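Fair warning: this is a prediction, and the values are worked out from it, not measured in the lab. Along the sequence shown, residues are numbered consecutively beginning with 1.
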Amino acid sequence: MAVYTVEFVGTGETIEVEDTDTILSRCLDEGIAQEYSCRVGMCLACSAKIIDGEVTQPAARGLTDKEKENYALTCMARPQSDLKLDRGKYPPSIEAEAAVEAGAGDEAAADD
Ligand code: FES
């Protein structure tokens with residue numbers, strides 16, 4: 001068993017996480033306000049951008065293999081090295097989907 005340091009950029013919060021623990025479970029233990037919902041790797045509510053380091057997250061079914069290179073679902077991700085994460089960051093596909101939904105609403109309002 002190895003223990004790694006996980007640092008959250010922006011807030012500067014730092015926790016120690018065993019390689020057998022998920023990042024989310026340690027956040028909850030430490031009182032860190034990490035968002036989550038499903039806790040089974042599907043909803044992406046717990047997503048964080050990987051700034052530095054590596055995780056293993058084979059059960060993160062909400063991410064494509066390519067997205068797993070740059071994003072961690074903290075409910076599924078276990079550290080494989082010291083990490084720097086940016087919480088509340090989502091894969092571009094999700095950001096684009098949200099923008100389209102927001103834009104569609106704005107255009108409809110502008111036509112009135
Ligand atoms: S809480 Fe839903 S994917 Fe992590």
Side-chain angles (χ1 to χ4, degrees):
M1 177 188 69
V3 178
Y4 297 110
T5 300
V6 178
E7 178 187 339
F8 297 103
V9 300
T11 66
E13 295 162 311
T14 300
I15 56 175
E16 302 293 313
V17 184
E18 295 177 2
D19 61 357
T20 55
D21 277 348
T22 66
I23 296 163
L24 176 62
S25 85
R26 290 294 298 134
C27 284
L28 297 177
D29 289 346
E30 296 295 323
I32 291 177
Q34 171 62 52
E35 288 189 34
Y36 68 95
S37 182
C38 71
R39 297 187 76 168
V40 294
M42 292 300 293
C43 74
L44 279 67
C46 67
S47 179
K49 185 167 178 52
I50 300 170
I51 305 299
D52 192 29
E54 294 180 20
V55 300
T56 182
Q57 51 181 346
R61 294 181 302 274
L63 295 177
T64 66
D65 287 342
K66 183 72 176 166
E67 291 169 336
K68 286 179 184 177
E69 295 173 9
N70 297 308
Y71 294 86
L73 296 184
T74 60
C75 70
M76 294 285 110
R78 292 171 169 80
Q80 299 296 293
S81 70
D82 289 341
L83 287 168
K84 287 187 181 177
L85 299 177
D86 196 358
R87 293 199 322 252
K89 301 297 181 190
Y90 304 94
S93 60
I94 298 300
E95 298 285 1
E97 215 172 270
V100 166
E101 288 174 13
D106 292 342
E107 288 171 17
D111 289 343
D112 290 342

Here the pair of heavy atoms bringing L85 nearest to I51 is C-CG1, 4.3 Å
Applied to residues 30-39, the side chain to side chain donor-acceptor pair (under 3.5 Å) test, sequence neighbours excluded, yields R26-E30, Q34-R87
Check your understanding: Hey, quick one: are L24 and I15 part of the same hydrophobic cluster, counting side-chain heavy atoms closer than 4.5 Å, chains of contacts allowed?
Key -> no
Evaluate side-chain contact (heavy atoms from CB on, under 4.5 Å) for K68 paired with V55, printing each intermediate quantity in order.
CA-CA 9 Å; K68 286 179 184 177; V55 300; over 6 Å; no
* For L44, does its backbone N or O pair with a side-chain atom of S47 as donor and acceptor, under 3.5 Å? -> no
Nearest heavy-atom contact between P79 and I23 is CD-CG1, 4.3 Å
Determine, stepwise, if the pair V6 / D82 fulfils side-chain contact (heavy atoms from CB on, under 4.5 Å). CA-CA 6 Å; V6 178; D82 289 341; over 6 Å; no
Please report the C-alpha distance between L83 and D52 in whole Å, then the side-chain angles of each, then the deciding distance to 0.1 Å, and finally whether the side-chain contact (heavy atoms from CB on, under 4.5 Å) criterion is met. CA-CA 6 Å; L83 287 168; D52 192 29; over 6 Å; no
Exercise for the section: Give the intermediate values and the outcome of side-chain contact (heavy atoms from CB on, under 4.5 Å) for residues E7 and E13. Expected result: CA-CA 6 Å; E7 178 187 339; E13 295 162 311; over 6 Å; no
_Determine whether a donor-acceptor pair (N or O, by modelled atom type, separation under 3.5 Å) exists between the side chain of R78 and the backbone of T56._
no
CG (D19) and OH (Y4) are apart, to the nearest 0.5 Å, by 5.5 Å
Smallest heavy-atom separation, V3 atom then E16 atom, equals CG1-OE1, 3.7 Å
Item to complete: May I ask you to check whether over 12 heavy atoms, not counting those of Q80, lie within 6.0 Å of atom CD?
Response: yes
Crowded around K84 NZ? As in, over 12 foreign heavy atoms under 6.0 Å? no
Only distances under 3.5 Å count here; give the side-chain donor-acceptor pairs of residues 70-77 to other protein atoms, sequence neighbours excluded, each with its distance to 0.1 Å.
| unit_1 | atom_1 | unit_2 | atom_2 | d |
| --- | --- | --- | --- | --- |
| Y71 | OH | Y90 | O | 3.4 |
| T74 | OG1 | C46 | O | 3.1 |

